[in-house]
Q: 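Take this structure, written in structure tokens, and hold onto it; I'll ask about it next.
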Amino acid sequence: PPSIKPTGNFILQIYNYQNGLKMQGSASITAQANTYNMTVAASTYLINQNAKYTIDFTSLDFLTNTSYITIGFPSALTLNVSTHCFTANFSSPANSTCSTNGTSIRIESLTTNGITANSYRMTVDSVINPNRALANLSFSANFYYINDSSYLVATGSFTGLTYLPNSLS
């Protein structure tokens, strides 16, 4: 299956030589979500600064033109995203949209042609760094096959960004 959504039941029937049903069984398959390698970098690590965040990931799966991605940011960051909040090195349509619920960004209609297994880069604009020095903040991402949260394809995570105070002159 292309996601973790369970398949319908497979039915196996065994008949005897007189064409009578001898045994029957059924089962479904639930695939495991892949784990993508992911890295995150900011254009600046100074506190209280507006930054662009670059997210690199290696997809192992095909994502469709109806796939979507959620990117979880640390709660110490402020997301100030616009409707079209990202640029990418894949075919991203002008009508792709971003929405936020405070600590995560949901990117829909992210590609016109689908994404094949490959390495990709996305840049998210307008994220405000934390208001104090912090270390080892964590990011996460979920990749969905179609616009339905039960069709999870993969997850990714990254920990390690450290934010520094501004230096006084």
Side-chain angles (χ1 to χ4, degrees), residues 1-42 53-77 79 81-125 127 136-161:
S3 71
I4 64 167
K5 182 155 177 99
T7 64
N9 281 337
F10 292 93
I11 297 173
L12 173 65
Q13 296 176 328
I14 299 174
Y15 292 87
N16 63 21
Y17 68 94
Q18 296 173 344
N19 207 24
L21 182 62
K22 187 173 181 179
M23 291 186 276
Q24 178 174 313
S26 65
S28 66
I29 297 173
T30 302
Q32 297 296 312
N34 276 322
T35 302
Y36 291 171
N37 290 328
M38 181 174 132
T39 60
V40 179
Y53 279 74
T54 301
I55 300 155
D56 292 315
F57 66 95
T58 301
S59 171
L60 305 173
D61 304 285
F62 180 77
L63 299 176
T64 71
N65 61 343
T66 60
S67 296
Y68 73 95
I69 298 172
T70 59
I71 302 169
F73 284 79
S75 61
L77 302 180
L79 302 177
V81 300
S82 61
T83 303
H84 186 74
C85 69
F86 78 104
T87 56
N89 69 341
F90 50 84
S91 177
S92 172
N95 65 343
S96 60
T97 59
C98 297
S99 58
T100 181
N101 70 0
T103 59
S104 69
I105 296 174
R106 178 179 167 135
I107 303 170
E108 297 181 56
S109 303
L110 56 108
T111 178
T112 50
N113 302 320
I115 295 175
T116 59
N118 209 333
S119 294
Y120 296 99
R121 170 170 283 176
M122 297 172 52
T123 302
V124 178
D125 298 330
V127 178
N136 292 320
L137 295 187
S138 297
F139 296 78
S140 64
N142 290 322
F143 301 81
Y144 296 90
Y145 187 67
I146 62 171
N147 196 5
D148 180 333
S149 62
S150 63
Y151 284 85
L152 178 69
V153 172
T155 61
S157 63
F158 179 80
T159 300
L161 295 190

Q: I need the N65 CG to E108 CD distance, nearest 0.5 Å.
A: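 N65 CG to E108 CD: 12.5 Å, rounded to 0.5 Å.
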
Q: Nearest 0.5 Å please: distance from the CG atom of N37 over to the CZ atom of F57.
A: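 If I round to the nearest 0.5 Å, the distance is 12.0 Å.
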
Q: Are the side chain of T7 and the backbone N or O of I29 linked by a donor-acceptor pair below 3.5 Å?
A: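 Yes; at least one donor-acceptor contact below 3.5 Å.
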
Q: Any chance CG of N147 has more than 12 other-residue heavy atoms, nucleotides or ligands included, within less than 6.0 Å?
A: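 Atom CG in N147 is crowded, with more than 12 foreign heavy atoms closer than 6.0 Å.
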
Q: Output all residues satisfying salt bridge (charged side-chain N to carboxylate O under 4.0 Å, His left out) with D56, sequence neighbours left out; order by chain, then residue number.
A: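 R121.
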
Q: Show the nearest heavy-atom pair for residues M38 and A141, with the distance to one decimal.
A: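 In terms of heavy atoms, the two residues are closest at SD-CB, 3.6 Å.
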
Q: Keeping to residues at least two apart or across chains, list the ring pair (Phe, Tyr, Trp, His ring centres under 6.0 Å) pairs with something in residues 11-38.
A: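 Counting only pairs at least two positions apart or across chains, the ring pair (Phe, Tyr, Trp, His ring centres under 6.0 Å) contacts touching residues 11-38 are Y36-F143.
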
Q: Please lay out, stage by stage, how L12 and F10 fare under the test side-chain contact (heavy atoms from CB on, under 4.5 Å).
A: CA-CA 7 Å; L12 173 65; F10 292 93; over 6 Å; no

Q: Determine whether T100 and F73 satisfy the following criterion, side-chain contact (heavy atoms from CB on, under 4.5 Å), listing intermediate values before the conclusion.
A: CA-CA 10 Å; T100 181; F73 284 79; over 6 Å; no

Q: Counting only heavy atoms not in Q13 (residues, nucleotides, ligands), do more than 12 fall under 6.0 Å from its CD?
A: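 Yes, enclosed.
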
Q: So, for L79 and G102, which heavy atoms are closest and what is the spacing to 0.1 Å?
A: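 It is CD1-O, 3.6 Å.
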
Q: Tell me which donor-acceptor pairs under 3.5 Å the side chains of residues 151-160 have, and how far apart each pair is, sequence neighbours excluded?
A:
| unit_1 | atom_1 | unit_2 | atom_2 | d |
| --- | --- | --- | --- | --- |
| T159 | OG1 | S138 | OG | 2.7 |

Q: What residues, two or more places apart in sequence or in another chain, satisfy side-chain hydrogen bond (donor to acceptor under 3.5 Å, both in side chains) together with T66?
A: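 Per chain and number, T66 pairs via side-chain hydrogen bond (donor to acceptor under 3.5 Å, both in side chains) with T64.
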
Q: Can you see which heavy atom on I69 is nearest to which on M122, and at what distance?
A: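 Heavy atoms of I69 and M122 come nearest at CD1-SD, 4.0 Å.
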
Q: Please name all residues satisfying side-chain hydrogen bond (donor to acceptor under 3.5 Å, both in side chains) with D148, sequence neighbours left out, ordered by chain then number.
A: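 Partners of D148 by the side-chain hydrogen bond (donor to acceptor under 3.5 Å, both in side chains) criterion, ordered by chain and then number, come out as S150.
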
Q: In Å and rounded to the nearest 0.5 Å, what is the CG to OG distance from D61 to S3?
A: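 Nearest 0.5 Å value for the CG-OG distance: 10.0 Å.
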
Q: Hey, does the side chain of S67 reach the backbone of Y145 with a donor-acceptor pair shorter than 3.5 angstrom?
A: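 Judged by distance alone, yes, a pair lies under 3.5 Å.
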
Q: Under the side chain to side chain contact (heavy atoms under 4.5 Å, CB included) test, which residues partner S75, sequence neighbours left out?
A: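 Only T103 meet the side chain to side chain contact (heavy atoms under 4.5 Å, CB included) criterion with S75.
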
Q: What's the spacing between Y53 OH and D125 CG if we round to 0.5 Å?
A: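 Rounded to the nearest 0.5 Å, the OH-CG separation comes to 12.5 Å.
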
Q: Which residue pairs pass the salt bridge (charged side-chain N to carboxylate O under 4.0 Å, His left out) test when at least one of the two sits in residues 24-38, sequence neighbours left out?
A: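 Counting only pairs at least two positions apart or across chains, no salt bridge (charged side-chain N to carboxylate O under 4.0 Å, His left out) contact touches residues 24-38.
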
Q: Would you name the heavy atoms of T116 and Y120 that are closest together and state the gap between them?
A: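 Taking T116 first and Y120 second, the nearest heavy atoms are O-OH, 2.7 Å.
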
Q: In chain order, what residues pass the side-chain hydrogen bond (donor to acceptor under 3.5 Å, both in side chains) check against N101, with sequence neighbours excluded?
A: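 Once residues adjacent in sequence are excluded, the partners of N101 under the side-chain hydrogen bond (donor to acceptor under 3.5 Å, both in side chains) criterion are S104.
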
Q: I'd like to check the side chain to side chain contact (heavy atoms under 4.5 Å, CB included) partners of I14; sequence neighbours left out, ordered by chain and number.
A: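 By the side chain to side chain contact (heavy atoms under 4.5 Å, CB included) rule, I14 matches M23.
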
Q: Not counting sequence neighbours, which residues clear side-chain hydrogen bond (donor to acceptor under 3.5 Å, both in side chains) with S149? List them please.
A: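 Not a single residue meets the side-chain hydrogen bond (donor to acceptor under 3.5 Å, both in side chains) criterion with S149.
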
Q: Supply the atom-to-atom distance L77 CG to L161 CG, rounded to the nearest 0.5 angstrom.
A: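 So the gap between those two atoms works out to 8.5 Å.
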
